[in-house]
Amino acid sequence: MTNASRIELLNVNHPGKGRPADAVLYVAMKSAMLAVLPDSKPGLTVAQVQDAVPALLPQDLYPGGAKAGWWVKAVQLDLEARGVIRREKVSPLRLYKA
């Protein structure tokens, strides 16, 4: 991508297709998610991650946790596509660091 303030979001469900996204919001969410996700199974549910990350996000980027839910899902799919995190295929699915 040509603009340094953008990052290409990958999606584990759609290999080979990326979407541009705000790099600053991405990096903040990625850091928060990696801080809360465990290193091994059983991991955390997406709902648990969504509950835990707002406290770790900068308020100037995510005031009151605004849009954090969308960003959790987008960054989750991106990090899975990059092999940084994995999902345990149970119901509800659980996430952990790769």
Side-chain angles (χ1 to χ4, degrees):
M1 309 210 66
T2 58
N3 189 339
S5 66
R6 306 295 282 173
I7 190 166
E8 185 176 16
L9 275 180
L10 304 179
N11 186 326
V12 69
N13 298 319
H14 302 283
K17 294 183 181 180
R19 301 274 186 236
D22 184 287
V24 175
L25 292 171
Y26 172 87
V27 168
M29 182 58 72
K30 177 182 173 183
S31 296
M33 287 180 66
L34 293 178
V36 301
L37 286 173
D39 293 327
S40 60
K41 294 178 184 179
L44 298 175
T45 66
V46 174
Q48 289 171 319
V49 174
Q50 288 176 333
D51 287 344
V53 297
L56 302 175
L57 295 171
Q59 286 299 302
D60 61 325
L61 298 177
Y62 294 95
K67 299 185 183 178
W70 184 89
W71 277 96
V72 165
K73 192 62 177 177
V75 173
Q76 170 211 328
L77 296 172
D78 178 78
L79 293 178
E80 283 187 82
R82 296 177 191 275
V84 176
I85 66 173
R86 293 188 179 159
R87 69 172 68 182
E88 186 174 6
K89 295 181 182 178
V90 295
S91 184
L93 73 88
R94 294 168 112 21
L95 305 170
Y96 60 96
K97 295 177 196 169

*Compare every heavy atom of Y26 with every heavy atom of R82, then report the nearest pair and how far apart it is.*
NE-OH, 3.9 Å
_I need the M29 CE to K67 NZ distance, nearest 0.5 Å._
12.0 Å
*Considering all heavy atoms of both residues, which atom of W71 and which atom of D22 are nearest to each other, and what is their separation?*
CH2-O, 3.7 Å
*Do the side chains of L56 and W70 join up, straight or via other hydrophobic residues, at under 4.5 Å, putting them in one cluster?*
yes
*Is Y62 linked to L79 within one hydrophobic cluster, defined over Ile, Leu, Val, Met, Phe, Trp and Tyr using a side-chain heavy-atom separation of less than 4.5 Å?*
yes
*How close do L37 and K97 get, heavy atom to heavy atom, and via which atoms?*
O-CE, 3.1 Å
*If you group Ile, Leu, Val, Met, Phe, Trp and Tyr by side-chain heavy-atom gaps below 4.5 Å, do L10 and V75 land in one group?*
no
_Is any side-chain heavy atom of N11 closer than 4.5 Å to one of K17?_
no
*Which value, rounded to the nearest 0.5 Å, describes the distance between E80 atom CD and L95 atom CG?*
6.0 Å
*For A23 against I7, the heavy-atom pair lying closest together*: CA-CG2, 4.0 Å
*Side chains of R87 and V12: closer than 4.5 Å at any heavy-atom pair?*
yes
*Reported CG-to-NZ distance for the pair D78 and K30, which is rounded to 0.5 angstrom*: 8.0 Å
_What's the separation between atom CE in M33 and atom CG in L57, rounded to the nearest 0.5 Å?_
10.5 Å
*Same cluster or not: are V36 and V46 linked, directly or through other Ile, Leu, Val, Met, Phe, Trp or Tyr residues, by side-chain heavy atoms under 4.5 angstrom apart?*
yes
_Non-hydrogen side-chain atoms of V84 and L34 separated by less than 4.5 Å_ = yes
*Going by heavy atoms in the side chains, are P38 and L44 under 4.5 Å from each other?*
yes
_Assigning hydrophobic clusters by single linkage (Ile, Leu, Val, Met, Phe, Trp, Tyr; side-chain heavy-atom cutoff under 4.5 Å), is I85 placed with L9?_
yes
*For the student: nearest non-hydrogen atoms of Q48 and T45, plus distance*: OE1-N, 2.8 Å
